[in-house]
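Here's the structure we're looking at; comments come further down.
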Amino acid sequence: MGLEEKLPSGVLLTTVEAVAGYARKGSMWPATFGLACCAIEMMATGAPRYDLARFGMEVFRASPRQADLMIVAGRVSQKMAPVLRQIYDQMPNPKWVLAMGVCASSGGMFNNYAIVQGVDHVVPVDMYLPGCPPRPEMLIDAILKIHDQVQHTKLGAHREVEVVELEAQALQAIPSEEMKGLMR
Amino acid sequence: MSENPESAEVVPAGTETLDVLSSGSGAFGIDGTPDVSGYGGLVRRVYAAPAATRPYGGWFDEAVDTLADALGEAFGPAVSKVVVAYDQLTLEVEREHLHDVMQTLRDHPGLRFEMCLGANGVHWPEDAGRELHVHYPMLSMTHNRRLSVETTCPDEDPHVPSVVDIYPGNNWHERETYDFFGVIFDGHPGLTRIEMPDDWVGHPQRKDYPLGGIPVEYKGATVPPPDQRREYK
């Protein structure tokens, strides 16, 4: 009982959200932010063997204004942090951040005064990718997961509700220190 | 020198003239038994290479003589120690005379050290009165020779003359040494931090500077940062 029953064959119905998400995930332009050894794996991902062109993402934009996904590949030093934030601010919305490798995610082995202990101190991170450095397969997996996030991102009022829900969930999350059981 | 009886015991035969600055044993905070680290018997000495005696060998004698002739009476007070270690010639220069020595090393036809490859800082907390060293690796392309110039300054008065007017390439190197060790190069055109952010406090490559680091949270546990979970000595 609805509009879809009265349509002639050959007509497809969808939502604006789904179309927008599909278009966004299908045309993602990564910004180059290679900082360390992770950048080598990121370049390998873009090269023919792992072929990020399968997902239409082989062109890494050097200009943040033409990019909407920042792959932070490597450790961020205290001095690099304001630069990273500026690049992020220069990217037009909608934009996403992928913290590639443990250094970008949490500081990794560089637990010292010089390195920012996780790039989420500086910019909001949508996807954390562990590994030191992660293999191109892992980066592609993270990219596919971020594609999935983008596809299912809500718009307008729905998005506002979603943000409130996500915030409430995050506030109730148990700190990993208090977790019990197997290490997973 | 070898006045310290403890150092005389541990110095290998034939090298009694090592300038031992301090001596310690063990590592990772282990004392006595059980020594699970295996480093309990380790003896560590902080030492400087001894002053060389003539002949220095190879072209070293010629180069030092040329420098002595060029500097004249200033050579004695300027070059406090000539060291030959690891097949390299190192001149330890008093900081008051550093600028003249560098100018001579660059301009004298018999020396012609056209390149100064940097100004490297070293922090020796044990070396009382000369805690901060600055080391200049030099290269003469004319003669295909390399030597090192080293100068020192105390922690209380960390001033060393800049050689940027002689070797402009040292500009950023001196900024780096200032940034990491706090050596103030007098006469530098713009001595500001280069690696650390401008508002950073302290000089991180000094041995007494803490490593930093934060506790790492794991599932069900928190691990303190490395410099707090074991003792390094």
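Letters go in sequence order (proteins before strands), and every chain restarts at 1. Source: prediction; values computed, not measured.
With a threshold of 4.5 angstrom between heavy atoms, A/Pro175 approaches chain B through its backbone and through its side chain.
The number of heavy atoms from other shown groups lying within 6.0 Å of CG (B/Asp87) does not exceed 12. Environment of CZ in A/Arg159: crowded, with over 12 heavy atoms of neighbouring residues, nucleotides or ligands closer than 6.0 Å. A/Arg54 CZ: more than 12 foreign heavy atoms inside a 6.0 Å radius. Atom CG of B/Asn144 sits in a sparse spot, with 12 or fewer heavy atoms from other residues, nucleotides or ligands closer than 6.0 Å. Summarising the local packing, NE2 of B/His159 is surrounded by more than 12 heavy atoms from other residues, nucleotides or ligands at distances under 6.0 Å. Annotation: A/Tyr22, atom OH; neighbour count of heavy atoms from other residues, nucleotides and ligands within 6.0 Å does not exceed 12.
Distance OG/A/Ser77 to CE/B/Met196: 8.0 Å, rounded to 0.5 Å. Considering OG of A/Ser176 and NZ of B/Lys219, their distance stands at 9.5 Å, rounded to 0.5 Å.
Of the listed residues A/Lys180, A/Gln117, A/Glu178, the one with more heavy-atom pairs under 4.5 angstrom with chain B than any other is A/Gln117.
A/Lys79 places no side-chain N or O within donor-acceptor distance of the main-chain N or O of B/Asp198, the cut-off being under 3.5 Å. Under the 3.5 Å distance criterion, the side-chain polar atoms of A/Asn111 are matched with a main-chain donor or acceptor of B/Ile214.
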Residues A/Gln78, B/Trp200; criterion side chain to side chain contact (heavy atoms under 4.5 Å, CB included); working and verdict | CA-CA 10 Å; A/Gln78 303 279 1; B/Trp200 197 262; 3.9 Å; yes

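With a 4.5 Å cut-off on side-chain heavy atoms, B/Pro204 and A/Tyr113 count as touching.
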